[in-house]
Amino acid sequence: MLSYKNRESIGILIGVLTLVLSLSPYEIFYTALLVLSFLIGYEVSKAIGSELFYAAPLTFIFGSISSELGILCVLLISFYAGWKSWNFEDFLRSFLISIYAGYLLTYLLNIKAIDNYAIVKLIFFVWAVDVFSYYTGKKFGKTPLSPRLSPKKTWEGLMGGFLAGSILLAVFYGPKGLLWSPLMVAFALLGDLFKSYIKRSVGIKDFSNVLGEHGGFTDRFDSLIFTAPIYLFLLKF
């Protein structure tokens with residue numbers, strides 16, 4: 001029971017802080033994302049055996065200026081890592097850190113630039129999918145979704161998350177929100193599975209224990225990072 005309460009308390013604290021920062025002025029939000037980029041970059045680099053954690057915030061900075069500079073930064077840093085050790089695996093590790101922990105976070109910045117409340121809606125959507133997937137799966141889950149990647153995830157839990165996310169998008173955006181929901185939920189799920197793939201590949205349970213039972217920052221913000229690009233695309237087109 002104590003563990004359950006701790007999980008809930010930490011989750012609420014993370015949620016409130018995330019909302020406050022998302023509604024903060026652009027400069028504060030930018031700084032928060034830069035710090036998050038550093039933290040996720042550090043966690044991922046430590047997990048995959050790389051020392052280039054600084055590739056993430058560096059890519060975020062250049063990517064926030066323009067997407068073109070961001071991509072060039074990814075390629076140059078990855079090239080440097082591979083050339084320095086003359087090992088293609090180091091190139092790939094650097095590429096992963098730069099894209100995942102750096103470049104993808106710039107989409108959150110672009111969403112806030114379009115509409116200050118759009119980022120809040122995205123956060124609520126990701127939370128709804130995550131929370132309802134967890135509790136629906138815990139209560140009714142019987143059919144494993146992807147045992148090798150995420151043993152506890154079930155189809156029943158996914159359906160609960162899909163229903164909650166669809167309702168929320170319909171409230172936010174009307175009928176078109178319902179059209180968006182399959183893509184949005186799919187990318188929220190992919191973000192979770194992508195993170196799980198990295199963890200299973202290197203043999204760890206969580207990227208860190210800094211957030212208690214929620215794991216690390218990578219564990220907590222995985223779905224938000226993956227959903228941001230498709231959300232921005234839908235907002236624009």
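Everything numeric here is computed off the predicted structure, so don't read it as measured data.
Aromatic ring pairs are classed by plane angle as parallel below 30°, tilted from 30° to 60° and perpendicular above 60°; the pair Tyr30 and Tyr26 is tilted.
Here OG of Ser196 is found 6.5 Å from CG of Leu149. Values are rounded to the nearest 0.5 Å. One distance of note links CZ of Phe53 with CG of Leu39; it measures 11.0 Å at 0.5 Å rounding. Lys152 contributes atom NZ, which lies 7.0 Å from atom OH of Tyr134 (distance to the nearest 0.5 angstrom).
Judged by distance alone, the side chains of Asp90 and Ser85 do bring a donor and an acceptor atom under 3.5 Å apart. Side-chain N/O atoms of Ser166 and Ser181 include a donor and acceptor closer than 3.5 Å. In the model, Glu156 has no side-chain atom that pairs as donor or acceptor with a side-chain atom of Thr136 under 3.5 Å.
Atom OH of Tyr42 sits in a sparse spot, with 12 or fewer heavy atoms from other residues, nucleotides or ligands closer than 6.0 Å. Counting non-hydrogen atoms of other residues, nucleotides and ligands closer than 6.0 Å to OH of Tyr103 gives a total above 12. A 6.0 Å sphere centred on CZ of Phe29 holds more than 12 heavy atoms belonging to other residues, nucleotides or ligands.
Under the 4.5 Å side-chain heavy-atom criterion for Ile, Leu, Val, Met, Phe, Trp and Tyr, Trp155 and Leu190 are members of the same hydrophobic cluster.
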>> Checking Phe91 against Trp83 for the side chain to side chain contact (heavy atoms under 4.5 Å, CB included) test, could you report, in this order, the C-alpha distance in whole Å, the side-chain angles of both residues, the deciding distance, and whether it holds?
In response: CA-CA 8 Å; Phe91 174 92; Trp83 167 73; over 6 Å; no
> side chain to side chain contact (heavy atoms under 4.5 Å, CB included) between Ile225 and Lys195: does it pass, once the steps are laid out?
Replying inline: CA-CA 11 Å; Ile225 292 172; Lys195 167 210 68 183; over 6 Å; no
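Arg220 has a carboxylate O that lies under 4.0 Å from a charged side-chain N of Asp130, or vice versa, which qualifies the two as a salt bridge.
Proximity of Phe60 to Leu36: side-chain heavy atoms (C-beta onward) are nowhere separated by under 4.5 Å. Proximity of Ser150 to Leu145: side-chain heavy atoms (C-beta onward) are nowhere separated by under 4.5 Å.
Under the 6.0 Å cut-off for aromatic ring centres, Tyr197 and Phe194 do not qualify, their centroids lying 6.0 Å or more apart.
Among Val120, Thr227, Leu224, the one residue that satisfies the side chain to side chain contact (heavy atoms under 4.5 Å, CB included) test with Phe125 is Thr227. With Val74 as reference, Thr59 is the one residue of Ile97, Thr59, Leu58 to meet the side chain to side chain contact (heavy atoms under 4.5 Å, CB included) rule.
With hydrogens and angles disregarded, a donor-acceptor distance shorter than 3.5 Å links the side chain of Arg93 to the backbone of Ile48. Looking only at distances, no side-chain donor or acceptor of Thr154 sits under 3.5 Å from a matching main-chain atom of Lys142.
Applying the side chain to side chain contact (heavy atoms under 4.5 Å, CB included) criterion to Leu72, with sequence neighbours excluded, gives no partner residue.
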